[in-house]
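Chain letters run A, B, ... following the sequence lines, proteins first, then strands; residues in each count from 1. Just the heavy atoms: all of them, side chains too, but no hydrogens, waters or symmetry mates, feed the values below.
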2 protein chains.
Amino acid sequence: MTDALDTLEHDNLGSTVYHLLCNALIQGKLKPGERLKIRELAARLGTSVTPVRDAILRLVQEQALAMKSARDIRVPHMTVERYLEIRAIRIKLEGLAAEMAAQNADAEQIVQLEELVRQNEQAIADGDTARGCDLNQRFHFALVDIAGMPFLQGILYRIWLQMGPLIADVYGDGGDDMLDFHYPVLAAIRAHDGPAAARAISDDILCGGQVILQHLQAATVAPPAV
Amino acid sequence: MTDALDTLEHDNLGSTVYHLLCNALIQGKLKPGERLKIRELAARLGTSVTPVRDAILRLVQEQALAMKSARDIRVPHMTVERYLEIRAIRIKLEGLAAEMAAQNADAEQIVQLEELVRQNEQAIADGDTARGCDLNQRFHFALVDIAGMPFLQGILYRIWLQMGPLIADVYGDGGDDMLDFHYPVLAAIRAHDGPAAARAISDDILCGGQVILQHLQAATVAPPAV
DNA sequence: ATCAAATTTATGATGCATCATATTTGTTGC
DNA sequence: GCAACAAATATGATGCATCATAAATTTGAT
């Protein structure tokens, strides 16, 4: 799932570093506002600066990292405006994915979706938020996978990359409720009801994301010290 | 419009080369199947290979260029499958843009849209397909602009980057009819009717793209010698 | 003349030296 | 002590040398 982007891409060291940083972003290992230094990363990874620079420039391009000034590369902060825009885009695109997934899903794929939800339930019971967060994301991407839309997968991966640091920050607050909204999605997919699946995903994004939005608005009123 | 991606991005030589290549792709100056060589480009542009490599890697990442093998960088061919997927995504995203544009557009912005259509009409009358193609694209991006969704603009720019070489190839065949579908969009925006604007853009993408699809399907039956 | 092995060439990958400049630290005059 | 200037440091940008290997070309035996 994590290599959604360049599955067919020629593999070089730069790509490896890129995926490494992607995972770090998605898993919330890099906090908003945190600064990255090319030389430091290169030393840590045991490569020269070239592949690290390749990777970082790629992430800057897709705005998963921000270059505030010429020597200041940071994990960007999400703004309320940006979040609302991304939310609107996600509803359209993940709605499309869910709709196609409902049309396409075979019995085995449905079982896999159910298994993801089951594991997520377990993770919540265990109080393992990191795993719950990961499984939540995997559910969303499993839909795109079933939809059979590789190009869409790339777009959505880049979008999730932006939300990674934020979600990891907030998930603990009310992430447990997020799973509730996956059951209607599952039901719609089982019924092969595309429009219902799209509506259910929309509900998930809107309601599940409510916690995130509140967190952001709170942070806007009292801006965090970075 | 062409700098839709990294407006706030730190400017380095790599970015300059990147935008240069973007424009070349969108204007159809690079044909599908054409090979690019880093050293050759660097020599042509009078830079070292580093910035050119930066730019090309960025384009490869977003699949505007393809690395068939480790030393073989080419402008990719569009497939029917991929086109259909992109079309579905465009209908959702440009529909969203049109809807928001209809809500937001002020009098001045509507005049600018009308002006774009007028110029496009003129270009068709002059038989200037290159200019017609460019104005068609500018109309679509003007909508995103009015919608006030910069993140969406980046996504759509990347999508159009993929279609650039194809459209430039095909536009001459039946591109003149494309403009017809912009009038209903304009009418919906004037009426501030979001859903109607979304439907009109959907029609534009579906009907206007019919020529492109036929061209692609013909090419699939009798694959082009590249 | 033909085909295969060997050689040469082409080309992206990688590492690294150097540059320019922003940031930090230190120094000096008041 | 403090402020303003100066030196030092840090850091991304750029260019370039070298490497590995794929592609092209040459060579030579049959």
Side-chain angles (χ1 to χ4, degrees), chain A residues 3 5-22 24-25 30-76 225-226, chain B residues 3 5-22 24-25 30-76 225-226:
Chain A
D3 58 341
L5 268 180
D6 34 11
T7 312
L8 294 173
E9 191 173 313
H10 166 69
D11 238 36
N12 50 24
L13 250 187
S15 292
T16 309
V17 178
Y18 171 81
H19 289 301
L20 210 98
L21 291 174
C22 280
L25 278 169
L30 297 172
K31 302 292 173 194
E34 185 172 345
R35 185 173 176 194
L36 297 178
K37 298 176 187 178
I38 291 178
R39 280 176 173 81
E40 182 187 300
L41 260 172
R44 184 128 50 91
L45 299 175
T47 73
S48 81
V49 299
T50 308
V52 177
R53 187 166 176 274
D54 284 356
I56 284 189
L57 283 183
R58 282 160 73 170
L59 288 164
V60 168
Q61 145 138 348
E62 59 199 25
Q63 302 181 15
L65 295 177
M67 224 161 188
K68 302 303 283 182
S69 81
R71 340 279 171 95
D72 197 1
I73 300 162
R74 284 172 193 278
V75 180
V226 177
Chain B
D3 58 340
L5 268 179
D6 33 12
T7 313
L8 294 173
E9 191 174 315
H10 167 68
D11 237 35
N12 50 24
L13 250 187
S15 292
T16 310
V17 177
Y18 171 82
H19 289 301
L20 210 98
L21 290 174
C22 279
L25 278 169
L30 297 172
K31 301 294 174 193
E34 185 172 345
R35 185 173 176 192
L36 298 177
K37 297 177 188 178
I38 291 178
R39 279 176 174 79
E40 183 187 298
L41 260 172
R44 184 129 49 92
L45 299 176
T47 74
S48 81
V49 298
T50 307
V52 177
R53 189 168 173 271
D54 283 356
I56 284 189
L57 282 183
R58 282 162 73 172
L59 288 163
V60 167
Q61 146 140 348
E62 59 198 22
Q63 300 181 18
L65 294 178
M67 224 163 190
K68 302 303 281 182
S69 80
R71 339 282 171 92
D72 196 1
I73 301 162
R74 284 171 194 279
V75 180
V226 177

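One can place NZ of A:Lys37 at 15 Å from P of D:dA13, the figure rounded to the nearest angstrom. If you measure from atom CD1 of B:Ile73 to atom C1' of C:dG12, you get 7 Å, rounded to the nearest angstrom. Atom-to-atom, NZ of B:Lys68 to C1' of C:dG12 comes out at 17 Å; the value is rounded to the nearest Å. When the P atom of D:dG12 is taken as reference, atom CG of A:Leu36 falls 9 Å away, rounded to whole Å.
Between the side chain of A:Arg58 and the backbone N or O of B:Arg58 there is no donor-acceptor pair closer than 3.5 Å. Within the 3.5 Å criterion, the main-chain N or O of B:Gly33 finds a donor-acceptor partner in the side chain of B:Arg74.
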List the steps and the verdict of side-chain contact (heavy atoms from CB on, under 4.5 Å) for A:Arg35 and A:Asp72.
-> CA-CA 7 Å; A:Arg35 185 173 176 194; A:Asp72 197 1; 3.4 Å; yes
So B:Gln61 and A:Glu62, side-chain hydrogen bond (donor to acceptor under 3.5 Å, both in side chains) or not? Walk me through it.
-> CA-CA 10 Å; B:Gln61 146 140 348; A:Glu62 59 199 25; 2.4 Å; yes
Show your reasoning for whether side-chain hydrogen bond (donor to acceptor under 3.5 Å, both in side chains) applies to A:Asn12 and A:Ser15.
-> CA-CA 5 Å; A:Asn12 50 24; A:Ser15 292; 3.0 Å; yes
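Within 4.0 Å (heavy atoms only), B:Ile56 reaches no atom of the nucleic acid at all. No engagement by A:Leu41 is indicated, since no non-hydrogen atom pair under 4.0 Å with the nucleic acid exists.
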Contact pattern, 5' to 3', of nucleotides 14-22 of chain C - B, S or - by protein heavy atom under 4.0 Å = BBB-B-BB-
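Here side-chain hydrogen bond (donor to acceptor under 3.5 Å, both in side chains) pairs that include residues 40-52 of chain B, with residues two or more places apart or in two chains, number zero.
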